[in-house]
Amino acid sequence: MIRLSQLFVRTLRDDPADAEVPSHRLLVRAGYIRRVAPGGYSWLPLGWKVLRNVERIVRQEMDAMGAQEVHFPALLPRDVYELTNRWTEYGDNLFRLVDRRGADYLLGPTHEEMFTLLVKDLYSSYKDLPVSLYQIQTKYRDEARPRAGLLRGREFLMKDSYSFDLDDAGLQLSYDTHRATYQRIFSRLGLPYVIVKAMSGAMGGSMSEEFLAPIDIGEDTFVRCTSCDYAANTEAVTTALPVISARDTPAPKNVPSPECPTIATLVALFNKQYPRADRQWTAADTLKNVVIMLRHADGRNEPLVIGVPGDREVDMKRVAAQVSPAEVEPFDDASFALHPVLVRGYIGPQSLGLTSASGIRYLLDPRVVIGSEWVTGANQKDVHVAHLVHGRDFTADGTIEAAEILSGDPCPLCSSPLEIARGIEIGHVFQLGRKYAEILGLSVLDKNGKPAVVTMGSYGIGVSRAVASIAEVFHDDLGLRWPRAVAPADVHVVIAGKGNDGTSDFAESLSVQLESSGLEVLLDDRSGVSPGVKFKDAELLGMPIIVIVGKGLAAGSVEVRDRLRNTITEVPSESVAAHIVTLARSDD
RNA sequence: CGGGGAGUGGCGCAGCUUGGUAGCGCGCCUGGUUUGGGACCAGGAGGCCGGGGGUUCGAGUCCCCCCUCCCCGACCA
């Protein structure tokens, strides 16, 4: 039993000034957490209980799927991360420190190397596989901008696990098992989620999916279909190809277009100087060619021209995800000077392509389908060209998902409109493949006695972030309202009478009775605190059931409030214990 | 790194324009009155006013430099 008279907590009447999002505001105000540094929070007794509850559920389900828990230091030596080049690759986000002898250390942002090397240390036969290991660990990332309290911290609690398999089929099975386990975990936590296709990004690997809690203040943008169950984050959305009707397109025609470096000026000029018979020209008739500089991992720079329909912007985040691990840099004046074939504002596809004279790589957004007709640059200043047909008058070196995704775009699976939403990434499952095993030399002997490189999966759940996410989903104007699975207590009993009127004795014995039925009770036994204060605190603290023992007791009734369903019931005092137990169990 | 906002008791804020011994609400302590929606009265404790330098007889307030925090963007296994 937790007695509020003894509990180390202080609720705040006002919102903390530095908190914006509800979870941050309420967790601080209700005395669950305190900020000690940007992106670093102390956990007070109530908050710590919630965190431990989330952790317990994660641990139970990980154990149930057969994964085994281990624990690594957060403080790691540099050399391990040097092997995979992440000491440099991880960049400024890595917390680095130096010991008294001048040796470099880091605070682990993620532990692929450690897990891989641990398995390499102990296992050497295919008979040992598959195996899945996990840990629940404090992770450190020197985020450029920590924000929203627990949602993006520089120190946070994360469950990360890794699967080790002999072959692709095994990896797929481990992946599917993890995925199913995550679904169970988030269901038990009460967290709504959407599983979206994701890019595997700089980590390499193939299959990758994120679990997003659909919440407006989330940092991740994703799309989902309004009709089928397709969902993907914006980097990974694939485009439904437009269907074009075959028609007789006139031969390409150059059109003078002075002072028309933008799509808007171009469309205006065409409608004035070169009007169509059937309709107005629009931005969608134009092909916009954007040039960027790719910086490859080996330091080499390569210009890349990307063509998208003129009515859309190029989404640089999507481009960056497609070209990773190469990095995207702006194409500056010096670059234009080096490549005179690229005329700023008048770039066109005819002189582009690896096999062309320029040798400049040219990629098209998939919306620019074979047979489509475009107005675009003619590669000379003040000239554009009309009636240019993809496949007839120009070709590209390939496609790239580059154009921005707009609400209402067709679903790639069923063509229904897509909607754009925001979410918090609460989990990530993904097939790492053999990258780390190869670099770190993790192989086992197969049936034929030949070494086989192990294939890995990597799976994460942000445990402290999950606490904040639950608070985001489960709160109202009055305060928090925890699902029972993670609440610090099942029942909040308020003594709302004078105490010497029997309310105190009744509440005490009721609490004992509830505890003996297996419920955890938070008892507000503070004396000299007015009922109004106790009610406000009970609502702010957010236990799923609030029981008020007050003026009704004289008439033989106790008030039971279901915080989640928002109902109030007067229950006869002699049956109230049973009523509460039933109510609490109904959530299970 | 760019843009915007802000640093004054534990929390929320005023004071700065126009320099003159730091104030309000909440919280905390003592005594009393209260007790179903953040009660009331009386008395208290608690503040290098983010830091450094300068101007001035005198700086929370004016000038210069620096630091930190929050929000948006860039960045982000």
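Chain letters run A, B, ... following the sequence lines, proteins first and then strands; every chain starts at 1.
- Comparing B:C28, B:C76, B:A77 against the side chain of A:Arg10 picks out B:C28 as the nearest.
- With a cut-off of 3.5 Å on both pairing distances, the Watson-Crick or G-U wobble partner of B:C1 is B:G73.
- For A:Val533, the listed nucleotide lying nearest its side chain is B:G38; candidates were B:C71, B:G37, B:G38.
- The C1' atoms of B:C16 and B:A42 are separated by 34 Å, rounded to the nearest whole Å.
- Closest contact between the side chain of A:Asp537 and the listed nucleotides B:G38, B:C76, B:C11 involves B:G38.
- Of the two residues contacting RNA chain B, namely A:Asn93 and A:Arg35, the nearest-nucleotide position lying further toward the 5' end is that of A:Arg35.
- Listed nucleotides: B:G38, B:G36, B:C11. Nearest to the side chain of A:Leu12: B:C11.
- Checking B:G37, B:G38, B:C71 against the side-chain heavy atoms of A:Arg147 singles out B:C71 as nearest.
- Considering only side-chain atoms of A:Phe430, the nucleotide from B:A77, B:C76, B:C11 that sits closest is B:A77.
- In this model, the phosphate group of B:C11 is not approached by any side-chain N or O of A:Arg13 to a distance below 4.0 Å at OP1 or OP2.
- Ion pairing between a basic and an acidic side chain is recognised when a charged N comes within 4.0 Å of a carboxylate O; A:Glu539 and A:Arg481 show no such pairing.
- The side chain of A:Thr11 approaches B:G38 more closely than any other nucleotide in the set B:G38, B:A77, B:C11.
- Checking B:C28, B:C76, B:G37 against every side-chain atom of A:Arg561, the shortest atom distance belongs to B:G37.
- Nucleotide B:G23: paired with B:C13 (Watson-Crick or G-U wobble, both distances less than 3.5 Å).
- No salt bridge links A:Asp104 with A:Arg96; every basic N to acidic carboxylate O contact stays at or beyond 4.0 Å.
- Counting only distance, with no hydrogens or angles, the side chain of A:Asp537 and the backbone of A:Leu540 share no donor-acceptor pair below 3.5 Å.
- Nearest to the side chain of A:Ala17, among B:G36, B:C13, B:C71, sits B:C13.
- In terms of modelled atom types and a separation under 3.5 Å, the side chain of A:Lys159 and the main chain of A:Gly462 share no donor-acceptor contact.
- More than 12 heavy atoms of other residues, nucleotides or ligands sit less than 6.0 Å from atom CG of A:Asp121.
- In the set B:A39, B:C28, B:G38, B:A39 carries the atom at the smallest distance from any side-chain atom of A:Ser530.
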